[in-house]
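Just so we're clear, the structure is a prediction, and the values are computed from it rather than from any experiment.
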Amino acid sequence: MWGKSAATIVHERCPFNAEAAAAELARSEITPLDTFYCRNHGPIPDIPAQSWRLSVDGLVAKPLSLGFEELTSAFKVHTVVATLQCAGNRRAGFNEIRHVAGEDPWGSGATSTAVWRGVALADVLDAAAARRDRGLHVAFAAPDRSPIASPAQVFGGSIPLDKAMSDEVLLAWEMNDQPLPRIHGGPVRVVVPGYIGARSVKWIDSVTVQEAPSQNYFQAVAYRLLPADRDPDSAEPGEGISLSSVVLNCDILAPTDGDRIPGGALTVHGYAFADGDHGIARVDVSIDEGRSWRQADLNPPVSRWAWQHWSVTVTAGPGPLTVMARVWDATGATHPESAASLWNPKGYANNSWPRVHLDIT
């Protein structure tokens with residue numbers, strides 16, 4: 001479905017929500033199009049490039065209305081390698097502690113990396129003579145109307161103007177050197193490296209410079225980190241912490257939980273990921289419940305905004321084996337050991353130590 005590989009794990013067909021099998025992500029630091037995860041909130045729009053238009057308005061001196069040919073020919077083209085990660089990635093780990101109601105049980109595969117090509121959003125905002133006052137926000141909207149929202153509305157969100165004016169934020173129309181697939185937001189989407197995937201709005205048709213964050217449901221209500229005892233159905237708009245930058249995280253991609261593996265040399269593969277402002281410094285792996293750790297080999301970064309793959313080879317004797325990993329950033333910060341301390345009613349931002357349980361034969 002939608003050109004995805006047979007190994008894809010489909011959580012919903014409409015809206016189409018699917019993640020990559022973790023072992024598939026271990027094959028390459030650039031995720032193939034048939035493997036890249038999909039997160040949607042409503043029906044997938046079908047917008048031919050020749051009929052697509054983008055409005056740029058709000059606190060700008062020169063409002064714009066750009067067609068596809070205008071966007072792709074009037075501005076300098078940029079390429080950014082960036083990892084996108086759903087805020088609900090690794091939610092299934094929370095379900096082991098306490099069930100997260102009404103949300104897809106994402107495993108480790110709601111994260112992927114692509115080569116994105118497009119124009120810098122900053123260049124478009126400059127062409128519109130956007131105001132540059134401190135504290136402004138840039139809101140995005142798209143035509144995919146979501147029945148999940150209350151009331152039903154199109155998908156939207158916003159980012160601070162300072163982030164919007166950064167070189168890495170793109171209006172992208174290519175993904176891995178191919179025209180941006182419809183399922184991934186074609187003909188044009190926003191790519192906001194270092195932020196949760198929800199802010200990289202697909203099928204973008206509106207950019208608005210404004211004084212406050214977006215009041216769209218998916219900014220003001222959803223994608224907010226609520227206290228563990230709060231009922232999300234009764235939470236007020238603006239309550240909780242609005243998710244923006246991704247959290248420091250790592251995961252084990254291969255082997256996968258429940259695998260039966262012959263004893264002897266065992267190579268563990270995974271990734272580490274940060275928000276782009278704090279580089280990855282070290283990944284450690286333990287096979288004895290954290291009593292001792294081995295430092296993994298960390299691949300060089302392909303981009304400031306992309307994950308880094310890592311690997312380590314250990315010796316595994318027969319019997320049950322638990323493999324754990326943890327990551328450190330360049331400031332010396334690391335992440336929590338247990339998901340229990342992070343549990344929240346929407347199941348966002350699980351960056352606890354990953355664990356896989358293996359049967360060594």
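Between Phe68 and Trp52, the ring-plane angle classifies as perpendicular under the 30° and 60° cut-offs. Ring pair Phe218/Tyr223 is tilted by interplanar angle, where 30° to 60° counts as tilted.
Although no hydrogens or angles enter the test, the distance criterion places no donor-acceptor pair under 3.5 Å between the side chain of Arg117 and the main chain of Asp177. The main-chain N or O of Asp162 is found under 3.5 Å from a side-chain atom of Ser166 such that the two form a donor-acceptor pair.
Apart from Leu298 itself, the hydrophobic cluster it occupies contains Leu248, Ile252, Ile261, Leu266, Val268, Ile280, Val283, Val285, Ile287, Trp310, Val312, Val314, Leu321, Val323, Val327, Val356, Leu358, Ile360, where clustering links Ile, Leu, Val, Met, Phe, Trp and Tyr at side-chain heavy-atom distances under 4.5 Å.
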Open item on the list: Working note: Glu103 + Lys346, criterion salt bridge (Lys or Arg N to Asp or Glu O under 4.0 Å); need CA distance, chi angles, decisive distance, verdict.
Closed with: CA-CA 7 Å; Glu103 301 288 344; Lys346 298 290 283 185; 2.6 Å; yes
Open item on the list: Set out, in order, the CA-CA distance, both residues' side-chain angles and the distance that settles side-chain contact (heavy atoms from CB on, under 4.5 Å) for Arg189 and Met175, then state yes or no.
Closed with: CA-CA 10 Å; Arg189 71 175 296 166; Met175 182 181 183; 5.8 Å; no
TODO: Could you give me the CA-CA distance, side-chain angles and deciding distance for Arg304 and Asp277, then say whether salt bridge (Lys or Arg N to Asp or Glu O under 4.0 Å) is met?
DONE: CA-CA 8 Å; Arg304 172 183 172 185; Asp277 292 327; 2.9 Å; yes
Open item on the list: Checking Glu19 against Lys4 for the salt bridge (Lys or Arg N to Asp or Glu O under 4.0 Å) test, could you report, in this order, the C-alpha distance in whole Å, the side-chain angles of both residues, the deciding distance, and whether it holds?
Closed with: CA-CA 10 Å; Glu19 65 179 287; Lys4 294 300 174 182; over 6 Å; no
Open item on the list: Applying side-chain contact (heavy atoms from CB on, under 4.5 Å) to Asp126 and Arg132, what does each step give before you reach the verdict?
Closed with: CA-CA 10 Å; Asp126 280 341; Arg132 300 292 294 272; 3.6 Å; yes
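Among all heavy-atom pairs drawn from Ile44 and Trp2, the shortest one is CG1-CZ2, 3.7 Å.
Counting only heavy atoms from C-beta outward, the side chains of Phe16 and Val10 approach each other to under 4.5 Å. Considering only heavy atoms from C-beta on, Thr313 stays 4.5 Å or farther from Arg294 through its side chain.
Listed by chain and residue number, nothing satisfies the side chain to side chain donor-acceptor pair (under 3.5 Å) test with His309 (two or more places apart in sequence, or in another chain).
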